[in-house]
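Whatever order the structure lists ligands and atoms in, that order sets their numbers, starting from 1. All heavy atoms count here, side chains included; hydrogens, waters and symmetry mates do not.
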Amino acid sequence: MNSSRQSKKIVIAVDGFSSCGKSTFAKMVAAHLGYIFIDTGAMYRAVTLWAIENGCVENGILDEDKLVANLDRIRIDFRFNPDRGASDIYVGGEWVEGKIRTITVSNLVSAVSAIGEVRARLVAMQQEMGRDKGVVMDGRDIGTVVFPNAELKIFMTADPEVRAERRYQELLAKGEEVSREEIVENIRQRDHLDQTRAISPLRKAEDAIVLDNGGMTLAEEMAWFDEVFKLKVEN
Ligand code: DC
């Protein structure tokens, strides 16, 4: 790592569509720069899990009022896990990494993340976590709402088929019984809901640089990042 990287800590916002590999990319970038990686999708998933486990979902329908009335009771925190080289998310002191990426949570998370009160609370937490800079934060609204002045904004995208296949393989590897069609449908739905929700919809910030990683290896993504970092930040 060179000296300019060490001295000038910045905020790097990584936004984009579901299952683009944002977290993998953001985590690698953070490790490369010695920055903190924050997965904001995990926070929306954690609130969704809490809603499911605490009677705010009945027959697959979210009771928004009940969730909002209980928001003060939801305690979310991140704790660094050296094995993963990233922070794990906890809800009410319970480790929930293993529970937040199931298809049940994925099917409800867009509804939860469309609620203004939920967003206000999580955005405030995210802003606090990035206050001292030196963070790579991935999500949907990081470059537009959470850190509109982020020094470097990256917008990730890839063909929906490629994204669905990745998510499918990921869930299979975890032993979850799920069909490819279900994943394609979930991604299609979430793309639609993320882009059309009234509050902080997913959109590319004007000053974001697009990374379409459809046909790229992780090594190629990092080489791309190095170029961008040199051009935009080190100069
Ligand atoms: O990144 P992910 O797929 O784990 O995110 C889960 C959901 O959370 C996603 O469908 C939209 C929502 N989300 C959001 O609205 N804003 C963010 N900053 C991050 C995620």
Side-chain angles (χ1 to χ4, degrees), residues 11-27 30 37-52 62 64 67 74 76 78 86-89 91 96-130 135-148 150 153-158 160 162-164 166-168 170-171 174 176 178 182-205 208 211 213:
V11 170
I12 302 178
V14 180
D15 289 304
F17 291 96
S18 296
S19 303
C20 266
K22 292 188 301 297
S23 296
T24 306
F25 172 77
K27 196 170 121 180
F37 158 63
I38 299 162
D39 174 359
T40 63
M43 298 167 77
Y44 288 93
R45 287 174 179 275
V47 173
T48 305
L49 179 72
W50 191 95
I52 293 169
L62 174 72
E64 278 190 26
L67 176 58
I74 310 178
I76 292 176
F78 284 98
S87 293
D88 287 348
I89 194 160
V91 180
V96 293
E97 281 291 332
K99 294 207 256 180
I100 58 168
R101 296 180 209 284
T102 61
I103 193 80
T104 315
V105 171
S106 295
N107 281 336
L108 273 163
V109 67
S110 292
V112 170
S113 58
I115 302 172
E117 289 86 344
V118 171
R119 299 204 73 83
R121 179 164 295 243
L122 296 188
V123 166
M125 273 181 76
Q126 291 152 11
Q127 287 170 334
E128 180 57 30
M129 289 189 277
V135 294
V136 186
M137 196 172 276
D138 90 71
R140 303 293 188 287
D141 60 342
I142 311 304
T144 51
V145 174
V146 182
F147 288 109
K153 300 179 187 178
I154 295 168
F155 189 86
M156 285 180 73
T157 181
V162 174
R163 294 189 275 131
R166 279 187 196 148
R167 185 47 67 103
Y168 178 61
E170 220 175 84
L171 290 173
K174 283 188 194 157
E176 212 183 312
V178 63
E182 203 177 348
I183 302 290
V184 172
E185 181 53 23
N186 174 257
I187 292 206
R188 204 189 58 75
Q189 275 275 350
R190 283 203 289 149
D191 281 357
H192 176 72
L193 293 169
D194 289 352
Q195 287 177 288
T196 55
R197 69 170 171 241
I199 310 163
S200 311
L202 168 65
R203 64 175 177 81
K204 181 183 113 39
L211 169 59
N213 70 349

Kindly indicate whether the side chain of [X], heavy atoms from C-beta on, has any atom under 4.5 Å from the side chain of [Y].
X      : Y      : answer
Asn213 : Met156 : yes
Met43  : Ile89  : yes
Arg45  : Ser106 : yes
Thr48  : Leu62  : no

- Message: Pairs of nitrogen or oxygen atoms closer than 3.5 Å, one from Asp141 and one from ligand 1: do any exist?
- Response: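 Yes; at least one N/O pair falls below 3.5 Å.
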
- Could you check Glu182, Arg163, His192 and say which one makes a side chain to side chain contact (heavy atoms under 4.5 Å, CB included) with Ile187?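 Of Glu182, Arg163, His192, side chain to side chain contact (heavy atoms under 4.5 Å, CB included) with Ile187 is met by Arg163 alone.
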
- Picking from Asp138, Val136, Leu211, what satisfies side chain to side chain contact (heavy atoms under 4.5 Å, CB included) with Ile154?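 Only match with Ile154 under side chain to side chain contact (heavy atoms under 4.5 Å, CB included): Leu211.
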
Return the closest protein heavy atom for [atom] as residue, atom name and distance.
atom                    : value
atom 19 (C) of ligand 1 : Thr40 OG1, 3.3 Å
atom 1 (O) of ligand 1  : Arg140 NH1, 3.0 Å
atom 4 (O) of ligand 1  : Arg45 NE, 2.7 Å
atom 3 (O) of ligand 1  : Arg190 NH1, 2.9 Å
atom 16 (N) of ligand 1 : Arg119 NH2, 3.0 Å
atom 12 (C) of ligand 1 : Ser113 OG, 3.6 Å

- Query: How close do Arg166 and Cys20 get, heavy atom to heavy atom, and via which atoms?
  - Reply: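 Heavy atoms of Arg166 and Cys20 come nearest at NH1-O, 3.1 Å.
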
- Which atoms of ligand 1 have any heavy atom of Asp194 under 4.0 Å away?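 Counting atoms of ligand 1 from 1, those under 4.0 Å from Asp194 are 9 (C), 10 (O), 11 (C).
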
- Which atoms of ligand 1 sit under 4.0 Å from any heavy atom of Tyr44?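 The list of qualifying atoms is 8 (O), 13 (N), 14 (C), 16 (N), 17 (C), 18 (N), 19 (C), 20 (C).
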
- Task: Please confirm whether Arg197 comes under 4.0 Å of ligand 1, counting heavy atoms of the residue only.
- Result: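 Flag set, Arg197 near ligand 1.
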
- Query: Would Arg140 and Thr40 count as having a side-chain donor-acceptor pair, cut-off 3.5 Å?
  - Reply: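 There is no such pair (donor and acceptor under 3.5 Å, judged by atom type) between the side chains of Arg140 and Thr40.
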
- Message: Heavy-atom pairs closer than 4.0 Å: do any link ligand 1 to the side chain of Leu202, the backbone, both, or neither?
- Response: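 It is neither part, as no heavy atom is under 4.0 Å.
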
- Per-residue contact class, Arg167 against ligand 1 - non-hydrogen pairs under 4.0 Å: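 Neither; no heavy atom under 4.0 Å.
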
